[in-house]
Amino acid sequence: MRIAMIGTGYVGLVSGACFSEFGVDVVCVDKDASKIEGLHQNRMPIYEPGLDQLVADNVKAGRLSFTTDLKAAVKGADAVFIAVGTPSRRGDGHADLSYVYAAAKEIAESIDGYTVVVTKSTVPVGTGREVERIIKETRPDADFDVVSNPEFLREGSAINDFMRPDRVVIGAESERSRAVMKQLYRVLYLIETPIVFTSLETSELIKYAANTFLAAKITFINEIADLCEAVGADVHDVAKGIGLDGRIGKKFLHPGPGYGGSCFPKDTLALVRTARDKGAPLRIIETVVSINDERKRRMADKIIAACGGSVKGKTIAVLGLTFKPNTDDMRDSRSLEIVPALQAAGAKIQAFDPEGMNEAKHMLKDITFCEGAYETLEGADALAVLTEWNEFRALNMSRVKAALSAPIVVDLRNIWSPEEMAAEGFQYTSIGRPSSPRA
Ligand code: UDX
């Protein structure tokens with residue numbers, strides 16, 4: 001089998017590399033020549049653990065290649081995957097599908113022989129039909145089928161999520177296209193991975209319903225955390241106590257500053273818009289969106305309150321800038337709201353992130369970027385943890401206390417224990433757990 005993967009971002013590059021690991025011949029296409037040039041030198045355009053090795057192995061095996069020439073990549077391909085960006089459209093929150101439709105048109109012009117055109121990007125319900133219309137209009141003679149095959153990859157664990165998925169969802173409406181997709185996913189089929197075959201619209205909706213449900217589950221535990229703080233309960237014990245119920249499940253019950261990233265914020269907004277447009281509003285998800293938006297502002301207030309009600313003229317050490325650990329991705333990261341809010345309240349910020357610094361330097365202004373965690377703490381009046389990188393969990397608390405000019409810690413990811421922090425003499429505030437006495 002040979003496929004073309006259009007787009008070499010978090011979805012396209014990981015999916016292309018994993019398909020080549022399955023033994024499929026893959027040509028990844030990107031308009032950005034510098035990205036393709038970098039990939040030819042095994043320089044990854046994104047940080048994803050294990051991706052560079054996976055790419056190098058499959059390039060060496062001759063199953064994976066990169067090009068800017070979409071036409072050549074599409075020619076003779078059994079399937080062409082559209083894995084381009086679908087960012088939130090400015091102003092109204094709908095998904096911007098211009099890149100998807102542009103790719104569909106270019107693919108139409110290049111198709112020769114029966115080809116399955118697959119939407120891998122997260123696209124609103126109805127996009128597959130529109131892609132079908134564009135291709136038919138561009139090339140009435142083309143012999144093709146459109147398929148929806150949404151991804152469920154989490155950044156930081158994307159390769160594992162592709163290789164060992166809970167399920168594969170395929171919206172395919174002809175025997176020929178189903179046969180091609182079964183062949184492509186044969187490796188997973190052989191290890192009995194559930195494959196859900198359904199219609200285009202249903203497949204597209206499954207993706208949005210999954211992400212919005214997960215966003216709602218996170219928002220639920222965040223609100224329960226607030227209640228825990230009010231009644232003196234421990235949110236982790238609540239999460240454990242409910243998560244052991246098979247109907248609830250223990251994953252995605254970690255309280256924090258609210259969800260961010262390139263998916264949940266845009267997908268919740270896009271589905272809410274689609275639902276409203278179709279006269280079937282999703283009021284639960286509308287509430288989830290507003291709670292999550294308001295939460296990021298409240299997190300800055302939490303830090304300011306821990307500093308006695310004012311951070312004016314104070315230095316705050318910030319550990320973690322990316323939207324989650326094990327990624328360099330800063331898109332919709334909570335730090336993009338919390339840091340400016342602290343600066344607006346008069347704080348000076350010194351910050352460190354293991355992988356996100358390059359991205360953060362374009363997105364956060366007037367902060368001191370430090371080379372490591374301990375350096376970040378030097379002379380700071382308080383420490384705020386925004387992203388739960390493992391290296392922060394292992395910090396030596398005596399060194400932390402010696403570096404800070406006041407033992408004030410606000411841990412928005414609950415990476416430390418209130419008991420241990422109180423024993424070390426910190427004024428420790430976290431999420432959904434009793435705070436230690438004021439220093
Ligand atoms: C998500 C979905 O998990 C994935 O299936 C989909 O394909 C893409 O979107 P991703 O955005 O990479 O993946 O990260 P994820 O691990 O889901 O975290 C999203 C946000 O939720 C992050 O800001 C994270 O900090 C937050 N989160 C996640 C919580 O606050 N609590 C949790 O328990 C889990």
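Since the model is a prediction, treat every value here as computed from it, not as a measurement. One-based numbering, in listed order, for ligands and for the atoms of each.
With a heavy-atom cut-off of 4.0 Å, Arg334 does not touch ligand 1 at all. Contacts between Arg154 and ligand 1 below 4.0 angstrom, taking non-hydrogen atoms only, involve backbone and side chain alike. When non-hydrogen atoms are compared, ligand 1 lies under 4.0 Å from neither the backbone nor the side chain of Asp161. In Arg413, the part holding a heavy atom less than 4.0 Å from any atom of ligand 1 is the side chain.
Heavy-atom minimum distance, Ala403 versus Tyr374: CB-O, 4.5 Å.
Which parts of ligand 1 touch Leu253 is read off a 4.0 Å heavy-atom cut-off, strictly below it: atoms 33 (O). The ligand atoms of ligand 1 that sit less than 4.0 angstrom from a heavy atom of Cys263 are 8 (C), 9 (O). Less than 4.0 angstrom separates some heavy atom of Phe323 from each of these atoms of ligand 1: 11 (O), 12 (O), 14 (O), 22 (C), 23 (O), 25 (O). Atoms of ligand 1 lying under 4.0 Å from any heavy atom of Glu151, numbered from 1 in the order shown and given with element: 7 (O).
For the side-chain contact (heavy atoms from CB on, under 4.5 Å) with Arg413, the qualifying choice from Lys324, His254, Glu388 is Glu388, the only one to do so. For the ring-ring contact (aromatic ring centres under 6.0 Å, His included) with Phe162, the qualifying choice from Phe152, Tyr10, Phe22 is Phe22, the only one to do so. Residue Glu229 forms a salt bridge (charged side-chain N to carboxylate O under 4.0 Å, His left out) with just one option from Arg433, Arg298, Lys302, and that option is Lys302. Shown are Leu51, Asp32, Leu13; of these, the side-chain contact (heavy atoms from CB on, under 4.5 Å) with Pro45 is made only by Leu13.
Taking any N or O of Tyr259, backbone or side chain, none lies under 3.5 Å from an N or O belonging to ligand 1. Annotation: Ser262 places no N or O atom under 3.5 Å from an N or O atom of ligand 1; distance criterion only. Taking only nitrogen or oxygen atoms, main chain and side chain alike, Gly260 reaches within less than 3.5 Å of ligand 1. At a 3.5 angstrom cut-off on N or O pairs, Leu153 counts as close to ligand 1.
Expressed to the nearest 0.5 Å, how far CZ of Arg295 lies from CG of Asp226 amounts to 4.5 Å. Atom CG of Asn211 and atom CD1 of Ile206 lie 12.5 Å apart (nearest 0.5 Å). Remark: Thr119 OG1 to Glu151 CD distance equals 11.0 Å, nearest 0.5 Å.
A tilted orientation is assigned to the rings of Trp389 and Tyr47, their planes being inclined by 30° to 60°. Ring geometry for Phe19 against Phe81 counts as tilted: the plane angle lies between 30° and 60°, on a 0 to 90° scale. Using the six-membered ring where Trp is involved, Tyr259 and Phe264 have ring planes that are perpendicular, over 60° apart on the 30 and 60° scheme.
At least one heavy atom of Lys207 lies less than 4.0 angstrom from ligand 1. Heavy atoms of Gly256 stay at 4.0 angstrom or farther from ligand 1.
Here the protein heavy atom with the shortest distance to atom 1 (C) of ligand 1 is Phe264 CE2, 3.6 Å. Protein heavy atom at the shortest distance from atom 30 (O) of ligand 1 is Ile218 CG2, 3.5 Å. Taking atom 31 (N) of ligand 1 as the reference point, the nearest protein heavy-atom neighbour is His254 O, 2.9 Å. Annotation: atom 14 (O) of ligand 1 to nearest protein heavy atom, Lys324 NZ, 3.2 Å. Nearest non-hydrogen protein atom to atom 12 (O) of ligand 1 is Glu155 N, 2.7 Å.
Leu271 places a side-chain heavy atom less than 4.5 Å from the side chain of Leu205.
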